[in-house]
2 protein chains.
Amino acid sequence: MKISELSTASGVAVPTIKYYLREGLLPAGERSSANQASYGEGHLQRLRLIRALLDTGGLPVATAREVLAAIDNPDLPLTWIFGVAQRAISDAGLYAPIAEPTSGLAKVDAFLEHSGWHVSPENPGRFGAARVIDSYEASGHPELAEIWDDYAAGSELIAQADLAMVGRNAEVESMSETVVVGTVLGDAMLSSLRRMAQEHFSSLLFPDPSERSAS
Amino acid sequence: MKISELSTASGVAVPTIKYYLREGLLPAGERSSANQASYGEGHLQRLRLIRALLDTGGLPVATAREVLAAIDNPDLPLTWIFGVAQRAISDAGLYAPIAEPTSGLAKVDAFLEHSGWHVSPENPGRFGAARVIDSYEASGHPELAEIWDDYAAGSELIAQADLAMVGRNAEVESMSETVVVGTVLGDAMLSSLRRMAQEHFSSLLFPDPSERSAS
DNA sequence: TCGCTATGGACAGTTTCGCTATCCGATAGT
DNA sequence: ACTATCGGATAGCGAAACTGTCCATAGCGA
């Protein structure tokens, strides 16, 4: 397969593929001569994975490169892959370490204490959650932090499902890829499900006769 | 308060405040003369809300403008505010309507059918979830769709908490603001909680003696 | 009152990101 | 032999979110 065929097969424009090659997201094809390279099924698969991470997962290109490098590294244990995937989606400033203690950080740590969750201090989620709580307070809506326990209960279910997936077929070769895709796309899935569930319960709480009264 | 004082009080640079004024995120100050305007406590509060939506919620400026306009409109019923907030965080292409049926869309609809969730066809979450499932499949990891039920159960808990918050104090004046902040920042909160819960259950499943063995 | 500084407003410039377009010299295929 | 592609390198583009520069004017201390 040459680059133009890879392009039509994947739906990704040729210059874009060249860009991904340059950026190291996609490994180079097998060079058959000075100006000819051939790409295989693996390249097509990789390209689809790239688009999933970028389009659906919303990762920046630079981050996708790191994640893909982690997938390609066979020496990384699976538990590390989880961490790599986490750090990847936590690239943004939201999850960056917080230097000095804030009110939100204290609340997060208090929760970790009483819930018994075993979380290291540098977990990006710890900083992200702290920042969200601080934002609740800064924007004048501290009461939003009250629903923390229900959020945590939901997250627990979800994370257990995530881990169960790993535990079930930890031997599978492509497991690290599954972990990455699951972690990266999982956030998008959750947001989508929350939107739907919100509408569902909203329609129960506030039945609106003017809209979709009969199903 | 003049603009420079508003700047130091909020930590937002003066040119940035001017930018927000231009973009209509922040209402103009009260003009006292041709080159003097004074800003009040409300402006400071609004600025903090803006930063929460942009920085923590990750909204683009244009979207934040729409959300803020919805908050400012006293005629919108609370149930609509929910929809506005949802559409706001669903601005990206991920949640855009899908024209022709896809495998993912069929799976989402099948779930809605058997779960009894009452969700309108144009709910952005429906398209987002469908796209994620399609990405699972395209990237070669369709097994990830298996955890759907647990994800849905978690989302249900979370959405119920969201709605309970509204039901509890629906009379409060700033409720629409609370709904928006809660919906927009809720996604960030959830992602953070998921990161922490993942680490917690990961450490249970794969105890790693080399790392934080003693708490 | 004088003069310095700050102000509000308009507008142009900057940076980053993710592509996209243009060249170029070297084949591959006919 | 000749022309259409190919790969590779480099430059350019457009959106987004600021940031910097100007300028006429106004506040305010000396």
Side-chain angles (χ1 to χ4, degrees), chain A residues 1-40 43 47 49-68 88-89 91-94 96 184, chain B residues 1-40 43 47 49-68 88-89 91-94 96 184:
Chain A
M1 207 171 5
K2 41 181 122 171
I3 200 170
S4 61
E5 296 169 307
L6 183 60
S7 169
T8 53
S10 65
V12 178
V14 172
T16 305
I17 295 178
K18 289 183 175 182
Y19 171 64
Y20 293 157
L21 286 167
R22 244 179 298 141
E23 293 298 315
L25 303 197
L26 192 64
E30 197 183 342
R31 294 293 299 277
S32 58
S33 74
N35 71 342
Q36 218 73 38
S38 80
Y39 303 88
H43 287 91
L47 208 37
L49 173 61
I50 292 171
R51 298 315 304 219
L53 295 178
L54 298 186
D55 294 349
T56 310
L59 291 194
V61 169
T63 304
R65 175 176 46 230
E66 292 168 29
V67 177
L68 291 167
I89 36 182
D91 211 32
L94 179 63
V184 172
Chain B
M1 201 165 18
K2 40 182 126 172
I3 200 170
S4 61
E5 296 169 307
L6 183 61
S7 171
T8 53
S10 65
V12 178
V14 172
T16 305
I17 295 177
K18 288 182 175 183
Y19 170 63
Y20 292 157
L21 286 167
R22 244 178 297 142
E23 293 297 315
L25 304 196
L26 192 63
E30 196 182 342
R31 293 293 299 277
S32 58
S33 74
N35 71 343
Q36 219 73 39
S38 80
Y39 303 88
H43 287 89
L47 207 39
L49 173 61
I50 292 170
R51 297 315 303 220
L53 294 178
L54 298 186
D55 295 348
T56 310
L59 292 195
V61 168
T63 305
R65 177 177 44 233
E66 292 168 30
V67 177
L68 291 167
I89 35 182
D91 211 32
L94 180 61
V184 172

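Throughout, protein chains are lettered first and strands after them, A, B, ... in sequence-line order, and every chain is numbered starting at 1.
Between the CG atom of Leu21(A) and the C1' atom of dC6(D) there is a distance of 13 Å, given to the nearest Å.
Here the closest heavy-atom approach between residue Glu5(B) and residue Thr8(B) is recorded as O-OG1, 3.0 Å. Nearest heavy atom pair, residue Pro15(B) against residue Arg22(B), reads O-NH2, 4.2 Å. The heavy-atom pair separating Leu47(A) from Ser10(A) by the smallest distance is CD2-OG, 3.4 Å. Nearest heavy atoms, Ala28(A) versus Leu21(A): CA-CD2, 3.9 Å.
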>> Test side-chain contact (heavy atoms from CB on, under 4.5 Å) on Asp55(B) and Leu94(A); report intermediate values, then the result.
In response: CA-CA 7 Å; Asp55(B) 295 348; Leu94(A) 179 63; over 6 Å; no

Candidate pair Arg51(A) and Thr16(A), rule side-chain contact (heavy atoms from CB on, under 4.5 Å), full reasoning
CA-CA 11 Å; Arg51(A) 298 315 304 219; Thr16(A) 305; 4.1 Å; yes

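In this structure a side-chain-to-backbone donor-acceptor pair under 3.5 Å is missing from Ser38(B) to Lys2(B).
Of the nucleotides present, dT1(C) is the one that pairs with dA30(D) by Watson-Crick or G-U wobble criteria, both distances under 3.5 Å.
Nucleotides of DNA chain C with any atom under 4.0 Å from a heavy atom of chain A span, from 5' to 3', dG18(C) to dA28(C).
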Heavy-atom contacts, protein to nucleotides 17-28 of chain D, under 4.0 Å, summarised as B (base), S (sugar-phosphate only) or - (none) per nt, yield BBB-----BBS-

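When the shell of 6.0 Å around CD of Glu23(A) is examined, it contains more than 12 heavy atoms from other residues, nucleotides or ligands.
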